[in-house]
Protein chains: 2
Amino acid sequence: MKKSYTNGVEATLGIISGKWKPQLLCHLGNRPQRTCDLRQKLPTISQKVLTQQLRELEGDGIITRHISGDRAPFKVTYELTDLGRSLGEILVQMSLWGEHRASQVPDMEIVDGHGGFSRLLEN
Amino acid sequence: MKKSYTNGVEATLGIISGKWKPQLLCHLGNRPQRTCDLRQKLPTISQKVLTQQLRELEGDGIITRHISGDRAPFKVTYELTDLGRSLGEILVQMSLWGEHRASQVPDMEIVDGHGGFSRLLEN
DNA sequence: ATTGATGGTTACCAAAAGGTGCCTACTCCC
DNA sequence: GGGAGTAGGCACCTTTTGGTAACCATCAAT
């Protein structure tokens, strides 16, 4: 179904919002990852939701899905597209802004933030 | 209640996501606005949700609320804070990225986009 | 006295997003 | 033949988010 937005910000938000999408994009920003890698890095996500979020990102052209391995124990690998990489700059800025803001107020905390997007700067 | 995020992107998203927040921020980006101004510009938002979204933005330090007028027909004015203004750069980039993306694919459209955030560039 | 503008609240609903649990299917390994 | 690993589907439920409709209070104008 065709999605309508009233401005570009909403369009962008429609693509990157989702409970796990920022984290997925962060991990995929480093290198391509297999499904099981992602599950290890996001231990509390369910298989269903992981597949769902990845499918949405794929549908929006942010990542691609490769199946390698002729027979069963399939190796499914997800990887950023050029479009996905073009989001990097924005994500880094959002990350810095958010981290800075969280450091200012007591009612906002960033846990588990080992590196995060800031690391993407070191490319 | 204290909000936890795993990275800065989520923190930022937590502040700017909301069905009407991008539009509200866009209108407030130009100049302070009264409640009735905002209602005129967003004819389909309900009073409840308008108040709700504005209160959340206020709670996150993005806007301030001023009541002027000693007696009743109160004049309530909302205005970006410095923090809110510091979001501008990010919003403009998100807007440009989203507009560009929408122009590439047929299943994404931006309606009612007269100016939007791009106009904020002309400061 | 009633209507309208102003800005807001409350109780109740509906839709969307996410989560749980259980199932499939294949193959390798012991 | 019974796991374990791999990737995912499906039915169902809960939580979050947004929407509707009715209401309050105040003052000005008719």
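Numbered from 1 within each chain, the chains take letters A, B, ... in sequence-line order.
Computed from coordinates, the B/Q33 CD to C/dT6 C1' distance equals 16 Å when rounded to whole Å. Rounded to an integer number of Å, the gap from B/L13 CG to D/dT17 P is 13 Å. As rounded to whole Å, 9 Å separates atom C1' of D/dA7 from atom CZ of A/R39. Atom CG of A/L24 and atom P of C/dG18 are 11 Å apart (whole Å). In this structure, the CD1 atom of A/I67 is 15 Å from the P atom of C/dC26, given to the nearest Å. Remark: P of C/dC28 and NZ of A/K75 are 15 Å apart, rounded to the nearest angstrom. Summarising the geometry, the separation between NE2 on B/H66 and P on C/dG8 is reported as 13 Å, rounded to the nearest angstrom. Look at CG on A/D37: it is 15 Å from P on D/dG5, rounded to the nearest Å.
The nucleotide whose nearest atom lies closest to any side-chain atom of B/T51 is, among C/dG8, C/dT6, D/dT6, C/dG8.
Considering only residues two or more places apart in sequence or on other chains, A/S103 meets the side chain to side chain donor-acceptor pair (under 3.5 Å) condition with none of them. Evaluation of the side chain to side chain donor-acceptor pair (under 3.5 Å) rule for B/T64 yields B/H66 as partners, not counting sequence neighbours. Evaluation of the side-chain contact (heavy atoms from CB on, under 4.5 Å) rule for B/E109 yields A/K2, A/S4, B/V111 as partners, not counting sequence neighbours. For A/S86, the side-chain contact (heavy atoms from CB on, under 4.5 Å) test picks out A/L83, B/W97, with sequence neighbours left out.
Applying the 4.0 Å criterion to OP1 and OP2 of C/dT6, one finds that B/T35 has every side-chain N and O outside that range. In this model, the phosphate group of C/dG7 is approached by a side-chain N or O of B/R34 to a distance below 4.0 Å at OP1 or OP2.
Residue pairs meeting the salt bridge (Lys or Arg N to Asp or Glu O under 4.0 Å) criterion with at least one partner in residues 36-64 of chain B, sequence neighbours excluded, are B/K3-B/D60, B/K21-B/E56. Among residue pairs with one or both ends in residues 6-15 of chain B, none qualify as salt bridge (Lys or Arg N to Asp or Glu O under 4.0 Å); sequence neighbours excluded. The salt bridge (Lys or Arg N to Asp or Glu O under 4.0 Å) pairs that include a residue from residues 85-96 of chain B are B/D82-B/R85, where partners are two or more places apart or lie in different chains.
Put simply, the residue from A/L57, A/L91, A/L24, A/I90 that forms a side-chain contact (heavy atoms from CB on, under 4.5 Å) with A/I16 is A/L91.
Residue B/R55 is classed as a sugar-phosphate contact, given heavy-atom separations below 4.0 Å to backbone atoms only. Residue-level contact check: B/R65 touches the backbone only, with heavy atoms under 4.0 Å from sugar-phosphate atoms and none from bases.
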Every protein N/O lying under 3.5 Å from an N/O of nucleotides 18-21 of chain D:
residue	atom	partner	partner atom	Å
D/dG18	OP1	B/K19	N	2.8
D/dG18	OP2	B/Q53	NE2	3.2
D/dG19	OP1	B/K19	NZ	2.8
D/dG19	OP2	B/W20	NE1	3.1
D/dG19	N7	B/K48	NZ	2.9
D/dG19	O6	B/K48	NZ	2.3

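Comparing the end axes of the helix from C/dA1-D/dT30 to C/dC30-D/dG1, each fitted to five base pairs by superposing C1' atoms of four pairs onto the next four, gives an inter-axis angle of 20° (nearest 10 degrees).
Residue A/P32 comes nearest to A/T77 through the heavy atom pair CB-CG2, 3.8 Å, listed as atom of the first residue, atom of the second, then distance.
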